[in-house]
There are 2 protein chains.
Amino acid sequence: MDNAVAELEHDRDRLGRSSTAERVADILRDRIAEGFFTPGQRLSEEAIGAALGVSRNTLREAFRLLGHERLLEHRLNRGVFVRVLSAEDVADLYRVRRVIEGAAVRHSRDASSAAFAAIRDAVAEAERAAREDRWQDVGTANIRFHQNLAALNGSSRLDETMRQLLAELRLVFHVMDNPRAFHEPFVPRNRELLELLESGRVEEAGRALEVYLGDAEKLLVQAYTPRA
Amino acid sequence: MDNAVAELEHDRDRLGRSSTAERVADILRDRIAEGFFTPGQRLSEEAIGAALGVSRNTLREAFRLLGHERLLEHRLNRGVFVRVLSAEDVADLYRVRRVIEGAAVRHSRDASSAAFAAIRDAVAEAERAAREDRWQDVGTANIRFHQNLAALNGSSRLDETMRQLLAELRLVFHVMDNPRAFHEPFVPRNRELLELLESGRVEEAGRALEVYLGDAEKLLVQAYTPRA
DNA sequence: ACATAAGGATCGTTGAACAATTCGACAAGG
DNA sequence: CCTTGTCGAATTGTTCAACGATCCTTATGT
């Protein structure tokens, strides 16, 4: 019986998981990800508080949460705004990706088969969505691909960093007017990268990743600089 | 004159730097770093609010800030506690360090001389503090050494990640009963690592770093497991 | 056209209040 | 003796109303 009780401890995390502020943050996070709130838009404490039926204090806690995820920007005495990423931000995000995903590739030698299965799933999902012209979903699957790739590092903190990073990148994706043109080319390249990893050609995969990220960054920066 | 004005922009960050919640967070962060609050200790909203003369709402915002830095742990309806790191946490922190600092070493080829100067400063400061038996300061200087080493990546986001990581590690340092035994051996090794970098022997530096981090992690884990 | 001042809107912070939850103590029952 | 149910104190979660501080806009005067 002691064993059965001991197993319950795995579920302990789920107990603390529901304060109003966190649920509000979840809602706002989704709204930002889906583009309902656009970058640069100001989020009024009063308006949103009234709309969601929570007090200003609770809403402010939710804002604080999303601010630390860099999805919102908090300007003193001026309110919170949906983050606007600069070209420099994009460059920085890709510097981090090269570091984390590059290390993930090098860790692929001693990764579990379950970790590879997760990556394979994401690739398959992207291919399926691409066949069915669901380009928004292709983008989501691509993001999952890179999230699972980064997970090869085996570090929960790097997973968290990666999740935040990809959430930030999603802010930029919404600026792209043509989602297909941006996401489509990377579907076969994800497949390619996966096969290099599974066949153990680590150095080759590392070089492919560098080119991959370089191309993706270039596309994003080009979509940004025109207005400068 | 334009140059003088341009230089002022570096201080711009500090302007927005003054909400009460953030200042409270700064105070608590320092207190935690110096060991005034010990891991596992509960921080009462009422007691601390009264002591600092701020309202509960403001204090709770400060708690949120530190919670996202993983210095405090927030348990629903039970309050906030100074974070207690497990052996698994230590292992995870060192996984991240290997990734970030390892990448930093590889970036050292095209790093500015100013970046190297910052590292050299930290090494010199550690040596000075060691000569004067200020072992707490040696630890602080060692942390600065690694912070500046990570800065070779040239990414503000990785800098931020590294700052949080090192703040978490400081939580563990306070568990060590003999700070000298833990910090002293690494002072000459920092010097060694710096010289490898400055002479361009990157691969060698990478291997030295791996050993370095492996040794440091082992020391910490040993200090942890006895009580298990 | 420009600087200045007034006004309105919004944020930052406080203090109080009440509901919800936790925790320890103590009594009842097996 | 151990377990279980219940109560009450203490603490947190959340809301609300209020006031000063700050920013933005607009009107005013030169």
Side-chain angles (χ1 to χ4, degrees), chain A residues 1-2 4-6 8-9 11-29 32 37-68 70-84, chain B residues 9 11-29 32 37-38 40-68 71-84:
Chain A
M1 193 202 64
D2 236 11
V5 174
L8 268 182
E9 291 191 11
D11 299 335
R12 194 178 354 191
D13 297 341
R14 284 197 259 173
L15 279 183
R17 277 279 164 197
S18 65
S19 89
T20 308
E22 285 176 18
R23 268 172 288 150
V24 171
D26 287 341
I27 293 175
L28 296 179
R29 192 184 298 109
I32 294 172
F37 295 127
T38 62
Q41 182 175 353
R42 173 170 156 273
L43 303 186
S44 157
E45 289 187 356
E46 191 178 339
I48 294 182
L52 293 179
V54 298
S55 79
R56 270 179 64 207
N57 283 326
T58 302
L59 186 60
R60 285 165 65 84
E61 291 208 350
F63 281 166
R64 201 61 88 154
L65 285 169
L66 296 174
H68 261 280
R70 296 190 217 257
L71 293 183
L72 297 182
E73 196 181 346
H74 203 139
R75 297 183 222 169
L76 195 62
N77 287 317
R78 252 180 286 180
V80 296
F81 299 76
V82 180
R83 184 81 187 290
V84 179
Chain B
E9 291 193 10
D11 299 335
R12 194 191 330 201
D13 296 341
R14 285 196 255 175
L15 278 183
R17 275 273 167 183
S18 63
S19 90
T20 309
E22 285 177 18
R23 266 172 289 150
V24 170
D26 287 341
I27 293 175
L28 296 179
R29 192 184 299 109
I32 294 172
F37 294 126
T38 62
Q41 182 175 351
R42 174 169 155 275
L43 303 186
S44 158
E45 291 186 357
E46 191 179 337
I48 295 183
L52 293 180
V54 298
S55 80
R56 268 181 65 209
N57 284 325
T58 301
L59 185 60
R60 285 166 67 82
E61 289 211 356
F63 282 167
R64 282 280 180 195
L65 285 169
L66 296 175
H68 259 281
L71 293 183
L72 296 182
E73 195 180 344
H74 203 138
R75 297 184 221 169
L76 194 62
N77 288 315
R78 251 179 285 182
V80 295
F81 299 76
V82 179
R83 183 82 187 289
V84 179

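To find a chain, count down the sequence lines: A is the first, B the second, and so on, and within it residues start at 1. Owing to the predicted nature of the structure, the values given are computational and were not obtained by experimental measurement.
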Using the rule side-chain contact (heavy atoms from CB on, under 4.5 Å), only one of Leu43(B), Leu71(B), Thr38(B) pairs with Val82(B); which is it? Leu43(B)
Please determine if a side-chain N or O atom of Thr20(B) lies less than 4.0 Å away from the OP1 or OP2 oxygen of dT13(C). yes
Under the salt bridge (charged side-chain N to carboxylate O under 4.0 Å, His left out) criterion, do Arg23(A) and Asp26(A) qualify, and how do the steps go? CA-CA 5 Å; Arg23(A) 268 172 288 150; Asp26(A) 287 341; over 6 Å; no
Reading nucleotides 6-12 of chain D from 5' to 3' and marking B where a protein heavy atom lies under 4.0 Å of the base, S where only the sugar-phosphate is that close, and - otherwise, the string is -----SB
Does a sphere of radius 6.0 Å around CD in Gln41(A) hold more than 12 heavy atoms from other residues, nucleotides or ligands, not counting ones at 6.0 Å or beyond? yes
Distance in angstrom units between [X] [atom1] and [N] [atom2], rounded:
X: Leu52(B); N: dG15(C); atom1: CG; atom2: P; value: 13 Å
X: Asn57(A); N: dC11(C); atom1: CG; atom2: P; value: 13 Å
X: Phe81(B); N: dT22(C); atom1: CZ; atom2: P; value: 12 Å
X: Glu61(A); N: dG13(D); atom1: CD; atom2: P; value: 8 Å

Take Leu65(B) and His68(A), measure what side-chain contact (heavy atoms from CB on, under 4.5 Å) needs, and give me the verdict at the end. CA-CA 8 Å; Leu65(B) 285 169; His68(A) 261 280; 3.1 Å; yes
So CZ of Phe63(B) and CZ of Phe81(B): to nearest 0.5 Å the spacing works out to 11.0 Å
Any chance you could measure Ile27(B), atom CD1, to Ile32(B), atom CD1, to the nearest 0.5 Å? 12.0 Å
